[in-house]
Amino acid sequence: MSTGALVDTFGRTATDLRVSLTDRCNLRCSYCMPAEGLDWLPTEQTLTDDEVIRLIRIGVEQLGIEEVRFTGGEPLVRRGLVDIVRRTKELTPSPETSLTTNALGLTRTAAALAEAGLDRVNVSLDTIRREHFHEITRRDRLDDVVSGLEAAQAAGLGPVKVNAVLLRGINDDQGPELLRWCLERGYQLRFIEQMPLDAQHGWRRDTMITADEILASLEAEFELTPAEEPRGSAPAELFAVDGGPATVGVIASVTRPFCGDCDRVRLTADGQVRNCLFAREESDLRVALRGGASDDEIAERWRAAMITKRPGHGIDDVSFLQPTRPMSAIGG
Ligand code: SAM
Ligand code: SF4
């Protein structure tokens with residue numbers, strides 16, 4: 001068995017694997033996909049549960065993967081999710097596991113996911129106002145998200161994190177309200193700057209809400225101080241709220257990029273390795289898997305995929321090109 005980490009040419013080592021389990025979703029968040037949805041991947045191109053587990057096993061056993069985050073699309077719509085989590089946790093060494101989800105249906109599966117060994121969940125929730133939730137996600141499902149969050153907390157999938165995107169003219173004045181709501185319930189809120197990853201290519205640098213704006217609006221109502229714990233490779237910059245211990249995070253991918261500390265690598269639902277959210281190339285592991293490649297050969301192909309990882313996403317470069325795949329098909 002070959003071993004050797006996923007190192008890129010700038011000396012960064014990927015230990016955090018983001019696995020997209022489907023590109024399908026039951027919401028239509030406007031910053032992610034159009035109202036009519038997208039042309040979903042054909043079933044035959046989607047990795048089977050066994051194929052997903054084989055790639056995760058190779059990552060863990062041969063490539064130094066320590067953490068596995070399941071995402072999508074909406075990972076809860078993948079039928080085999082609980083089993084995939086269980087089989088991931090049974091690997092040696094057993095990786096940390098987490099789920100990024102919109103929480104629709106989490107009331108039904110939270111306990112089973114926890115029992116299967118899932119460590120944590122991140123739930124996406126941009127507003128606690130019904131009309132704005134409907135406007136942003138194009139579905140009237142706020143109550144399901146709220147009960148999904150409660151179920152995750154009750155099942156011990158904590159600390160439960162909430163991810164929020166603020167959109168100018170819709171919910172950009174709701175940061176403090178959302179933070180108060182999360183603090184009352186013991187959820188850790190993190191704001192994510194909107195990125196140019198929507199399928200409709202509607203993102204604009206001059207209308208996105210920046211980290212500076214988010215922090216200024218929070219500071220009008222809360223005292224924020226930089227958190228003491230070292231940030232390491234974490235995307236979120238953390239701040240203690242009103243002296244702590246509660247914190248709020250800002251993931252400022254656009255205005256305060258953290259590419260130099262990146263430890264992430266992504267696997268799409270159709271078996272492509274992406275060394276960056278913004279990568280323009282992919283490495284096809286599905287073809288290798290289905291063509292009879294050995295574990296060593298797949299591991300070698302995966303290592304080679306890291307060579308083209310660029311030093312940064314380059315959103316501010318004049319030559320920046322948005323990746324062809326939207327966020328929902330990459331796995332956020
Ligand atoms: N469906 C799940 C969810 O919404 O949590 C998982 C996939 S979703 C693509 C992962 C995360 O990406 C969510 O927190 C979502 O808010 C975020 N996201 C989607 N499009 C984005 C964009 N254009 N800019 C910033 N974050 C985005
Ligand atoms: Fe679905 Fe998540 Fe995209 Fe919203 S952000 S449309 S929940 S994949």
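Residue numbers run from 1 in the order of the sequence given. In each ligand, atom 1 is the first atom listed, and ligand 1 is the first ligand listed.
Rounding to the nearest 0.5 angstrom, the gap separating the CD atom in Glu221 from the CG atom in Asp242 is 10.5 Å. Summarising the geometry, atom CZ belonging to Phe239 is positioned 12.0 Å from atom CG belonging to Leu179; distances are rounded to the nearest 0.5 Å.
When each atom of ligand 1 is checked for a heavy atom of Asn163 under 4.0 Å away, the hits are 14 (O). Set against the non-hydrogen atoms of Asn102, the atoms of ligand 1 under 4.0 Å away are 2 (C), 3 (C), 5 (O). Below 4.0 Å from some heavy atom of Thr71 lie the following atoms of ligand 1, by number and element: 6 (C), 7 (C).
Counting only distance, with no hydrogens or angles, the side chain of Arg12 and the backbone of Pro311 share a donor-acceptor pair below 3.5 Å. Remark: the backbone N or O of Asp126 is paired with a side-chain donor or acceptor of Asn171 at under 3.5 angstrom. Between the Arg274 side chain and the Arg266 main chain, no donor and acceptor come within less than 3.5 Å of each other. Checking side-chain atoms of Asp270 against main-chain N and O of Thr46 turns up no donor-acceptor pair under 3.5 Å.
Between Gly72, Gly73, Cys25, it is Gly73 that holds the heavy atom closest to atom 1 (N) of ligand 1. In this structure, of Met327, Gln194, Glu74, the residue bringing a heavy atom nearest to atom 2 (C) of ligand 1 is Glu74.
Side-chain N/O atoms of Ser147 and Glu150 include no donor and acceptor closer than 3.5 Å. With hydrogens and angles left out, the side-chain atoms of Asp296 and Gln62 include a donor and acceptor closer than 3.5 Å.
Atom 13 (C) of ligand 1 has its closest protein heavy atom at Ser124 OG, 3.2 Å. For atom 21 (C) of ligand 1, the closest non-hydrogen atom on the protein side is Tyr31 CD1, 3.6 Å.
At a heavy-atom distance under 4.0 Å, only side-chain atoms of Val165, from C-beta outward, approach ligand 1. At a 4.0 Å heavy-atom cut-off, ligand 1 touches Thr101 through the backbone alone.
Around atom 3 (Fe) of ligand 2, the protein N, O or S atoms closer than 2.8 Å are Cys32 SG, listed by chain and residue number.
Atom CD of Glu36 has more than 12 heavy atoms from other residues, nucleotides or ligands within 6.0 Å.
Polar contact with ligand 1: present for Met195 (N/O pair, distance under 3.5 Å). The shortest N or O to N or O distance between Asp126 and ligand 1 is not below 3.5 Å.
The shortest heavy-atom contact between Thr92 and Glu61 is O-CG, 3.8 Å. The two atoms that bring Val273 and Leu285 nearest to each other are CG2-CD1, 3.3 Å, heavy atoms only.
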